[in-house]
Amino acid sequence: MGMTMTQKILAAHAGLDEVKAGQLIEVNLDLVLGNDITAPVAIKEFSKIGTAGVFDKKKVALVPDHFTPNKDIKSAEQCKVLRAFAVEKEIENYFEVGQMGIEHGLIPEKGLVVAGDVVIGADSHTCTYGALGAFSTGIGSTDMAAGMATGKAWFKVPGALKFVLKGKPSGWVSGKDVILHIIGMIGVDGALYKSMEFTGDGVANLSMDDRFSMANMAIEAGGKNGIFPVDDQTVAYMNAHSEKPFKVYEADEDAAYEAVYEIDLSQLSPTVAFPHLPENTRPIEDVGEVKIDQVVIGSCTNGRIEDLRVAAKLLKGKQVAKNVRVIIFPVTQKVYLQALREGLIETFIEAGAVVSTPTCGPCLGGHMGILAKGERAVATTNRNFVGRMGHPESEVYLASPAVAAASAITGRITNPEEIQ
Amino acid sequence: MKAAGKVFKYGSNVDTDVIIPARYLNTSDPSELAKHCMEDIDASFAEVVKQGDIIVADKNFGCGSSREHAPLAIKSAGVSCVIAKTFARIFYRNAINIGLPIMECEPAVDGIEAGDQIEVDFSTGVISNRTKGETYQAEPFPAFIQKIIAAEGLVGYTRKHME
Ligand code: SF4
């Protein structure tokens, strides 16, 4: 029996010729990641393990991105723990405010992950790097602590679902719509404990930014990881961002999949997930009249340059609807600067949006745009759970940057086709 | 090892944002976290939960974020065990890693109601419902995971392995 792409990467990192779904293995790690919420807990656990240093100073990354720039004294104390640990253990990849961005935008941009790597991160959206053909997955703080100490982690080898993508997305349809469609189809636990392997001719019609936003949301279907094959676009991205050698793994022809789904990208519409689960999706035609109070464009799902370009294209020369707040947060400093140079930031400000420094901020109801009771937001983020962006009686609708920008103009959830 | 207590019952997809909302994540102090455990779906939980009580939930418990603060909050609130049909995978790892007992058992979840008094025997996987006089058999953990549990979590296990 052949192996899936994920299984091949895991086997190689476990020093095994072959692995099977369900097998428990220990793998060598290429990168261990943590942020200002999860790393302080990991650092406490790390000290209990009793090793002097981390397994490899180049292979640990610490990114204070959630409550930064520090939103209050407690957050400042947490970041201080991170910074002190980074100094003491001589962690090379600590990114201070000013250099940092939202971790899942920053790590690929800094070239810290390439195809064939195994990455764990104490953040559930670590699965984002599957876009580059790496195995990467979220774990908790204690796993992070053990990973920093030993350079290893244990895994149950996952089975897999295969998504064969065909055709080309039309109009305003983006990777975000594809992944929302998939989550709507299989449910929030549809890929529980499994890999989501994306393949097919359609992959070539998805940009790297599309793929990042799709792999990012594998966790929203319960997946262990989401992974894309490596093609010319992936190689070009890696060459532009990294000097690390990469390795390309391909699924065997006879690899076993628990289910195979075919998706014709040309048939998809912009898709919106209604509260309070990412699986509550509807194509834009079926959304109806949903008035909104806030629009959030950004996050590790959709804060990349293409996302901002799409939003700017719609907002150019338009005004944000009265009584609607629009908050745009680019994923990294680099993206922010590029957006500035391309004139996108000017477009946003002229339209009446605010632009924030990179931070997780409103995405997790941290700061910079919390919702009041009864308020509704359209967000390009990845979760719309109860209370995710603020008051437990507020609502989050997940959508693409195009839908979010179109909605900003009208004040209700809007098909970008409607905007002239 | 056994646990016994009163049941708090919830539905499917209880996510980490309701287990411990992000607005309280500017600290990792377990007793602080416990004060806000389950707040957004069960406002009185933290006040009424007693040492030893048990959470029973449907599918995909703990979905969402990787925050270990979620199992920490539950453990620190006094909960002795969480029983669900399935757990989200990061929550599953985190619970094992920090030593919060969890069990997957579909018949138990179907049979147990809120307020029932139940007893859980971790060595046999037998869950007894004292209120209804029923018993249910949970899936045993794989041997490797049992080793982590025996070492009282991943830190203990790792320490032992590094020596
Ligand atoms: S942007 Fe949102 S989903 Fe992404 S890492 Fe930050 S809090 Fe998590």
Side-chain angles (χ1 to χ4, degrees), chain A residues 22 24 37-38 40-42 44-46 48-51 66-67 71-78 121-126 137-146 149-150 154 156 158 187-189 192-193 219-220 222-224 276-277 279 360 364-366 370 383 385-388 390 392, chain B residues 12-19 21-30 32-33 39-41 43 58-61 63-72 85-99 142-145 147-148 153-163:
Chain A
L24 282 157
I37 290 182
T38 58
V41 180
K44 200 157 83 188
E45 297 304 312
F46 180 87
K48 292 184 198 159
I49 294 173
T51 48
H66 278 62
F67 293 152
K71 75 158 178 146
D72 56 20
I73 295 170
K74 282 182 178 174
S75 311
E77 297 292 344
Q78 300 223 88
D123 189 280
S124 57
H125 293 102
T126 303
T137 192
I139 42 77
S141 296
T142 301
D143 273 314
M144 179 190 172
T150 63
W154 66 269
K156 190 149 113 184
V188 291
D189 62 351
L192 193 59
Y193 304 124
I219 179 71
E220 264 60 67
K224 180 172 240 160
H276 289 285
L277 282 177
E279 71 183 22
C360 290
L364 80 163
I370 307 296
R383 292 197 172 127
F385 300 149
V386 170
R388 174 72 180 180
Chain B
S12 286
N13 306 316
V14 172
D15 63 77
T16 51
D17 278 288
V18 295
I19 296 172
R23 57 186 179 273
Y24 304 118
L25 296 184
N26 55 3
T27 176
S28 52
D29 174 3
E32 273 297 310
L33 297 172
E39 188 174 286
D40 286 356
I41 51 164
D58 212 279
K59 283 191 316 176
N60 203 26
F61 186 87
C63 62
S65 149
S66 70
R67 62 188 71 152
E68 213 160 275
H69 311 64
L72 276 173
K85 288 187 182 170
T86 53
F87 289 90
R89 61 162 284 275
I90 306 179
F91 186 93
Y92 182 100
R93 285 183 87 97
N94 286 349
I96 303 283
N97 286 345
I98 68 154
F144 175 76
I145 291 177
K147 276 191 215 159
I148 297 180
L154 188 66
V155 165
Y157 176 86
T158 306
R159 204 168 43 211
K160 223 158 68 191
H161 264 67
M162 290 192 85
E163 275 163 11

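It should be emphasised that the depicted structure is a prediction, and the values quoted were computed from it without experimental measurement. Below, chain A is the first sequence line, B the second, and so on; all start at residue 1.
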*Set of residues satisfying salt bridge (Lys or Arg N to Asp or Glu O under 4.0 Å) with respect to A/Glu77, sequence neighbours excluded*: none
*Where the side chain of B/Glu68 meets the backbone of A/Thr142, is there a donor-acceptor pair that is under 3.5 Å apart?*
yes
*Has the side chain of A/Asp189 got a donor or acceptor atom that lies under 3.5 Å from a matching backbone atom of B/Asn60?*
no
*Output yes when a side-chain donor or acceptor of A/Arg383 lies under 3.5 Å from a complementary backbone atom of B/Gly64, and no otherwise.*
yes
*Structural part of B/Pro71 lying under 4.5 Å from a heavy atom of chain A*: neither
*Where the side chain of A/Gln78 meets the backbone of B/Leu25, is there a donor-acceptor pair that is under 3.5 Å apart?*
yes
_Partner chain A: residue of B/Tyr92, B/Phe144, B/Tyr157 with the largest heavy-atom pair count (under 4.5 Å)_ = B/Phe144
*Specify which of A/Asp143, A/Leu364, A/Val386 makes the most heavy-atom pairs with chain B at under 4.5 Å.*
A/Asp143
*Which bit of A/Ile370 comes within less than 4.5 Å of chain B, counting heavy atoms only: side chain, backbone, both or neither?*
neither
*Please name all residues satisfying side-chain hydrogen bond (donor to acceptor under 3.5 Å, both in side chains) with A/Thr126, sequence neighbours left out, ordered by chain then number.*
none
*When only pairs under 4.5 Å are counted, which of B/Leu72, B/Val18, B/Asp40 shares the most heavy-atom pairs with chain A?*
B/Asp40
*Side chain / backbone / both / neither for A/Ile139 at chain B, heavy atoms under 4.5 Å*: both
*asked:* Tell me whether A/Arg388 contacts the main-chain N or O of B/Asp17 through its side chain, where contact means a donor paired with an acceptor under 3.5 Å.
replied: no
*Within 6.0 angstrom of B/Lys59 NZ, more than 12 heavy atoms from elsewhere*: no
